[in-house]
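Take a look at the structure set out below.
Values in this document were obtained by computation on a predicted structure and should not be read as measured data.
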There are 2 protein chains.
Amino acid sequence: MQGYDKYAYEPFAVTVDLAVFTIREGRLHALLVERGEQPYAGRRALPGGFVQPDEAAETAARRELAEETGLSDVAGLHLEQLRTYSEPDRDPRMRVVSVAFTALVPDAPEARAGSDAARADWLPYGEHRPSYAPLAFDHDRILADAHERVGAKLEYTGLATAFCPPEFTLGELRQVYQAVWGAELDPANFRRKVLATPGLVEAVPGAARLTGGRGKPAALYRAGGATALHPPLLRPEGRP
Amino acid sequence: MQGYDKYAYEPFAVTVDLAVFTIREGRLHALLVERGEQPYAGRRALPGGFVQPDEAAETAARRELAEETGLSDVAGLHLEQLRTYSEPDRDPRMRVVSVAFTALVPDAPEARAGSDAARADWLPYGEHRPSYAPLAFDHDRILADAHERVGAKLEYTGLATAFCPPEFTLGELRQVYQAVWGAELDPANFRRKVLATPGLVEAVPGAARLTGGRGKPAALYRAGGATALHPPLLRPEGRP
DNA sequence: CCCTTTAATAGTCCACCTGACACTAAATGG
DNA sequence: CCATTTAGTGTCAGGTGGACTATTAAAGGG
């Protein structure tokens, strides 16, 4: 790092890309925009945008998240850096280094198109290659990396509650795990493990109960303060 | 992302910073350089440098790693992206976005000073605040983040073998866990768990044995192909 | 050369975690 | 009223993991 000279090197553009997930009807969905311009016009892509000269990448990501989702309380959403993608040819026009973030949204208000996107929608993301694939740029890879990261973090952190509203039932929490992992979980064993993990959830004291559909009404819980889970909640083996 | 214009935005300098760890005499060490110039002249810092216009951050990181460590077989070393640090004021001179990497080195040849550093040394990194603290820029935080990441990945990946030479004893492997976690592990139980984890290590078939110091000679093992550990090898509880 | 020290390896015991599964409770829809 | 659905409780067998003891095989010192 001998003497810096801001013009000694080709300038890099720095952007953020957002892999935003939510659970809808028990299935995992990702927020995707439709590109309105070349390259990849008409193709689906991750929402994102440029980092401004005076803001950190995290700030830019949260700003873009607010713009694209139309959510009001963006401050409370879970936003986490995933990794940075810097291959020289990832954007055909110029050198773009992109810091990717993962965001988790509890309920899912309809998305709205941002300034630079033709449209924005919540589209199902799962095992099968979706009809809208492939995404623009290297966004398929980013989204897959984000999915893998979220799946892994469910095991050993209390992250799952970030997909849930402030008060939720254990059934809803279990659906989060099932949607992300793509696996069935035994309701009884899930309840036992969640309640045995200190700080994961705490019961809402009032006899508060929620009726959603059929079946016996369930007790409500709030997210506990726990960030690390000991022991972890491991996903079932073998995913070939 | 409406039409790019590479001069529409203030240019960002993109650098890589390296948190390089090794095990020496059973203790965790980090590779640190001494800065020769302002700002922070004379202070310790992480090795690193600029990303060139035609290379990915990973490529730049591996190039810097080779330059700073003097290792010949840099290609085989474990190098992994940590995260990107982009706070606008993290470098007092200009806007620098830095992609941080974690590298793990098995044996530790003496470091050598790179082009931009007065010197480079392996310095112990552990519980106590070391005498060389604080580091330049936000490098204390980067190094702490890297340590936490490595400690966590030892639990559920076969990463520990990256600290070991191609053939190693279970005692050496256990020392890796102990040095990174700063905790004592029962040798017998460690052996049982490691050998019970499929794909973590594989025995060297010949009656190969290694003599290092006192005690019964140990059997040699090679790193197995396993990348994910099921079940994980959890570190002991409670770190207040 | 013997004896102590050190580390690897083997084995045991027991508490607890976990998956599988049965059973009851409370709501809805025909 | 009855079948269905989901919540919640309980049980049981097998496996895992921590604590601990014992044995083996080398090095080093007197």
Separation between CG of A:Asp17 and CG of A:Asp138, rounded to the nearest 0.5 Å: 7.5 Å
Sorted by number, the residues of residues 190-203 of chain A with heavy-atom contact under 4.0 Å to DNA chain C: A:Arg192, A:Lys193
Aromatic ring proximity B:Tyr125/B:His147, centre distance under 6.0 Å: yes
Nucleotide nearest B:Ala218 (side chain, heavy atoms from C-beta), chosen from D:dA7, C:dA8, D:dA19: C:dA8
Between P of D:dG28 and NZ of B:Lys216, the distance in whole Å: 18 Å
Contacts of B:Lys153 that satisfy salt bridge (charged side-chain N to carboxylate O under 4.0 Å, His left out) - sequence neighbours left out: B:Glu80
Most 5' of B:Asn189 and B:Arg174 on DNA chain C, judged by nearest nucleotide: B:Arg174
Residue whose closest nucleotide on DNA chain D lies nearer the 5' end, B:Pro231 versus B:Ala188: B:Pro231
Whole-Å distance separating the CG atom of B:Leu233 from the C1' atom of D:dT16: 12 Å
Closest to side chain of A:Arg214, choosing from C:dA8, D:dT5, D:dG8: D:dT5
Salt-bridge contact A:Glu67-A:Arg63 (side-chain N to carboxylate O under 4.0 Å): yes
Interatomic distance, A:Glu172 CD vs D:dT6 C1' [rounded to whole Å]: 12 Å
Between C:dT18 (P) and B:His230 (NE2): distance, integer Å: 14 Å
A:Arg235 with A:Glu148: basic N within carboxylate O range, under 4.0 Å: yes
Atom pair distance, as rounded to whole Å: CG in A:Leu234 and C1' in C:dC17: 11 Å
Between C:dC17 (P) and A:Asp186 (CG): distance, integer Å: 17 Å
Atom-to-atom span, CZ of B:Arg235 to P of D:dG17 - whole angstrom: 17 Å
Donor on one side chain, acceptor on other, A:Tyr85 and A:Asp145, under 3.5 Å: yes
A:Glu58 and A:Phe101: CA distance, side-chain angles, deciding distance, side-chain contact (heavy atoms from CB on, under 4.5 Å) verdict: CA-CA 8 Å; A:Glu58 283 75 6; A:Phe101 288 81; 3.8 Å; yes
Rounded distance (Å) that lies between atom C1' of C:dC21 and atom CG of A:Leu185: 16 Å
